[in-house]
Every structure is written in C-alpha cells, then in structure tokens.
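Notes follow the structure.
Hydrogens, waters and symmetry mates are skipped; everything else that's a heavy atom, side chains included, is used. For reference, positions follow the sequence shown, starting with 1. Read the numbers this way: they start at 1 and go in the same order the structure lists the ligands and their atoms.
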Amino acid sequence: MIMRDVELIGIASGWGAPDPGCADGPRALRDAAPLVCVLPPRRGFSVLLQPQDEPGETSDLGQVAALARRLAETVSYSLLRQRFPVVIGGDHACAIGTWSGAHAALAQQQESLGLLWVDAHMDAHVPATSPSGALHGMPLACLLGEGDATLISVAGAAPKLLPERVCVIGVRSYEPGERELLQRLGVKVFYMEEIQRRGFAAVWREALEHVRAHSTVYGLTIDVDALDPRDAPGVGSPEPDGIAAVDLVAEVRALAADERLCALEIAEFNPHHDREDRTLRVVRELICAVTGKDEHDR
Ligand SMILES: [Mn+2]
C-alpha cells in the first residue's frame, strides 16, 4: 500500500465548466460519512481551495488561472514533503494546477512526470478549436504546452508534460480539432471502442506500461465521466457506454503498491446530478483503493 501520508486537497471550483455544480463535489464528499480509510473521523480536507471572487467580478480564465496557481503550489509543497496528494475537483480544469505543481516539484528532484488521463473526452482543445470555450475542455492541451499563454505558464514554463509520457483512456466524445492536436503531438489515445473489444484490463496494462516506460514517476487523473453513467451518473457531461466502475477500482487498487505513482486526481463529480449516492460511493472507493485499504479500515 502507499506508505506516504495521503493529503486530501479539495478544489471547489466549477469555473471551467458550463454547469458549475461540480464545485460542490468536495463538500459533498466531506459531509458524507468519514473517509476512515484516509482520514480520522471528522478531519476534513487538508486544504480546500475556493474561488476568491463572485461570478461576474473576473473572467473564467482569470479565476481558473488564479486557482491553478494556488493548487499548483499546494500540490508541489505536498510532494516536496513526501506526501501523496489526492486532489478532488471541481471541474477538470483543476488538472492544470495539479500537474503543473507536480511537474515543478518533480523537476526539482530530477524526476520526469508521466500521466494516465482517464476521461470520456480528450480535454485537448485550444481556444481556437473549442466550440464552447469551456476551460475544462482544455487542460490536457495546456499541460502539453498548447493554448492560452496564462494557463500554460502556471508554475513554470510550458510544457509540463511530454506527449510520449501521456496516455488518454476511455475516450468516446471529442471534436476533430482536439483529435488532430493529440495526433500531431503523438499522444496515445485508447478509445472506448478498443476497451470494449480488448477488455479494460488489457488496455489499462498497455497504457500503464507506456507511461512507465517514458517517465520516472507518474500520476493518475480520473474524470468521473469516463465511467459508465449507470455507475457514476453524477457528472456534468455524461456519455453512455463507459468504463465499469468495478474495473477501474480494481486497477487503481493494484497501483497502490507502486512507489512510482506520485498523485491522484478525481474531477467532475457533480453531486447535483448524482442518484442514490452512486457517484459519491465510487469516488470514495477510488480514494480508498489508491491507499490499498478498504473503506472501513483504519
Ligand atoms: Mn475531463
């Protein structure tokens, strides 16, 4: 199991998404039964970052960039103290902060950062290709050094990720522009169709081996919408026919023994769309799985 202390970091922001409801994800998780696998009863997040301005006071981009800088500092500090950060979004624009911060800390230690990106979408738009302009559709492009100058330079110069160190898994909804970007850069994408054909475990193993072969340490970012909406309906952009929650939880549990896994991020949990706390339960299971413990262990 993970031997480092787990540090739970919440980011209560929906500024990157058209539906801001996932800002309430961290609080919904905190207010549910205590996460005894990670935290003593009633201890909440180590850090819960919230937007400092009211809607309308600044631009979405200003808010997202300011939060990304604070999150990057928090994650970087956590890693430099040998902790294992678990970031709970918030919309997936939080990935800009999480992995820019991880990159900054790891570069100081002469480590190279890889990333497994589990998502129904590619999150690889730049402003020119995005039909909606929503920033939660852009974090992977930003981390690869493509897009808005403010966002790509959070916590240091771009790029934070090299294309060969990244795999995207579970994709089934995207626009041509972002597909072209990932193809041009050479990022490996495992579509849902391939997962259905070969099985999740086989595809996961290949993606993991690819990321491990090209980096010294790696992170895992999970957009909850990668999962099948029957298992995880509490998201802003549901897409049918996704990954079975039980499959992903099993693979995350297997990673708990890997010292090269440096951080976990779970984004886009929107409690307002949840049904019977299904999504809440999956998020809790994923957090406990990465610690190698059960929900009820102490
Ligand atoms: Mn996403």
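Of all non-hydrogen atoms in D91 and W15, the two that sit nearest each other are OD2-N, 3.2 Å. The minimum heavy-atom distance between V64 and A93, with the atom names listed, is CG1-CB, 4.0 Å. Taking all atoms of both residues into account, the shortest heavy-atom contact from K160 to A155 is CE-O, 4.3 Å. In terms of heavy atoms, V171 sits closest to M122 at CG1-CG, 4.0 Å.
For the Mn ion (ligand 1), the set of nearby N, O or S atoms under 2.8 Å includes one belonging to D123.
Centred on the Mn ion (ligand 1), the ND1 atom of H92 and the OD2 atom of D223 lie at an angle of 90°, reported to 10°.
Restricting D119 to its N, O or S atoms, the one at the least distance from the Mn ion (ligand 1) is OD2.
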